[in-house]
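Reading through the structure tokens given below for one structure.
The chains referred to below are lettered A, B, ... by the order of the sequence lines, with proteins before strands, and numbering in each begins at 1.
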Number of protein chains: 2
Amino acid sequence: MDNDTVALYEARARILKAMAHPTRLFIIEELQRQERCVNELTGMIGADMSTVSKHLSVLKNAGLVSDERRGASIYYRLRVPCIMDFIDCVETVLKSNADAQMDIVRCCRK
Amino acid sequence: MDNDTVALYEARARILKAMAHPTRLFIIEELQRQERCVNELTGMIGADMSTVSKHLSVLKNAGLVSDERRGASIYYRLRVPCIMDFIDCVETVLKSNADAQMDIVRCCRK
DNA sequence: TGGTTATTTTGCTTATTTGCCAAATAAGCA
DNA sequence: TGCTTATTTGGCAAATAAGCAAAATAACCA
């Protein structure tokens, strides 16, 4: 693989890595519903505010969310809506895994 | 967030985490094209075979690929085709980030 | 059975990620 | 300005991930 090709896969991986955390997936889904400030998200998530803020900065650095200060609060929103289609596919994988698991159970009961 | 909700986001995150590595993204894309054995993939990737094998086991544990032994070789294939739509969306994010970057450059030149 | 090829597993080291706390920064208001 | 609220940053310890090399498995063939 040449350098450019490696760079492409690294760039893609950075986006996926930014999404690959339960809290960040929650944030993505919530922001798709409506914009939220750090304080609101912290209330829903129940972690330290600094932790939530750091998750948001990970999403922001990946270009997945944008932020806008209004008064004392900073509101975040999802920048790229197609991200949600992602989640649908992930659900398909989970469903498929569950089915496969079920088959194993059925098979071994016989 | 209750336990079930946390478990759901953790399950989704596990899938994304399995994808979130440049080498594994390459493997996913290649397997979508055609099934491949470890040896073939190792040749394309240029890492230690044990490393490639480990990447494949990560993908397999996440339910993203399946394997089938034929003779001495083990062939891997992509289990869930919608994964590729994912990549399209990631490309959209990258494009969008590049555009945003371009805007900044344009703005600061003025 | 012994040798060869293909693959996985184990051990080990290094790098990255996570999350809390405390300190720093920012904005609004009395 | 001083106080309060909202958010980010830096430091640090624990957990997780990554990659190589060597040893272990597995299948094939002579």
Can you tell me the base-pairing partner of C/dT17? Count Watson-Crick or G-U wobble geometry only, both distances below 3.5 Å, and say none if there is no partner. D/dA14
Which nucleotide, if any, forms a Watson-Crick or G-U wobble pair with D/dC28, using both distances under 3.5 Å? C/dG3
So what does A/S53 hit on the nucleic acid, given a heavy-atom distance under 4.0 Å: a base, only sugar-phosphate, or nothing? base
Under 4.0 Å, heavy atom to any atom of DNA chain C: which of residues 61-68 of chain B qualify? none
Atom CG of A/L59 and atom C1' of C/dT18 are separated, to the nearest Å, by 14 Å
Let me have a per-nucleotide readout for nucleotides 19-30 of chain D, 5' to 3', with B, S or -, counting only protein heavy atoms under 4.0 Å. BBBB----SS--
Closest heavy-atom pair, A/H55 versus A/I27, reported as atoms and distance to 0.1 Å, is CB-CD1, 4.1 Å
Neighbours of DNA chain D within residues 34-43 of chain A, by heavy-atom distance under 4.0 Å: A/C37, A/V38, A/N39
For the student: nearest non-hydrogen atoms of A/R24 and A/A18, plus distance: NE-O, 2.6 Å
So, for B/L78 and B/Q32, which heavy atoms are closest and what is the spacing to 0.1 Å? CD2-CB, 3.8 Å
Rounded to the Å, how far apart are A/M49 CE and C/dC20 C1'? 14 Å
Mate of D/dT1 where both pairing distances stay under 3.5 Å, Watson-Crick or G-U: C/dA30
SB check B/E29 A/R12 (cutoff 4.0 Å): yes
Report the distance from atom CG of B/L56 to atom C1' of D/dA17, rounded to the nearest whole Å. 16 Å
At their closest point, which heavy atom of B/M49 faces which heavy atom of B/N39, and how far apart are they? CE-OD1, 3.4 Å
Is it true that B/K17 and B/E10 make a salt bridge, defined as a side-chain N closer than 4.0 Å to a carboxylate O? no
Let me know the distance between CZ of B/R14 and P of C/dT18, rounded to the nearest Å. 15 Å
Is the ring pair B/Y9/A/F26 parallel, tilted or perpendicular, if the boundaries are 30 and 60 degrees? perpendicular
To the nearest angstrom, how far is B/I74 atom CD1 from C/dT5 atom P? 18 Å
Hey, is CG on B/D88 packed in by over 12 heavy atoms from elsewhere, all under 6.0 Å? yes
Full working for side chain to side chain contact (heavy atoms under 4.5 Å, CB included) between B/L8 and A/E91: CA-CA 10 Å; B/L8 171 66; A/E91 281 302 310; 3.5 Å; yes
Atom OH of B/Y75 and atom P of C/dT8 are separated, to the nearest Å, by 13 Å
Distance test, side-chain N/O of A/Y76 to OP1/OP2 of D/dT8, below 4.0 Å: yes
I need the minimum non-hydrogen distance between B/L16 and A/M19, along with the two atoms involved. CD1-O, 4.0 Å
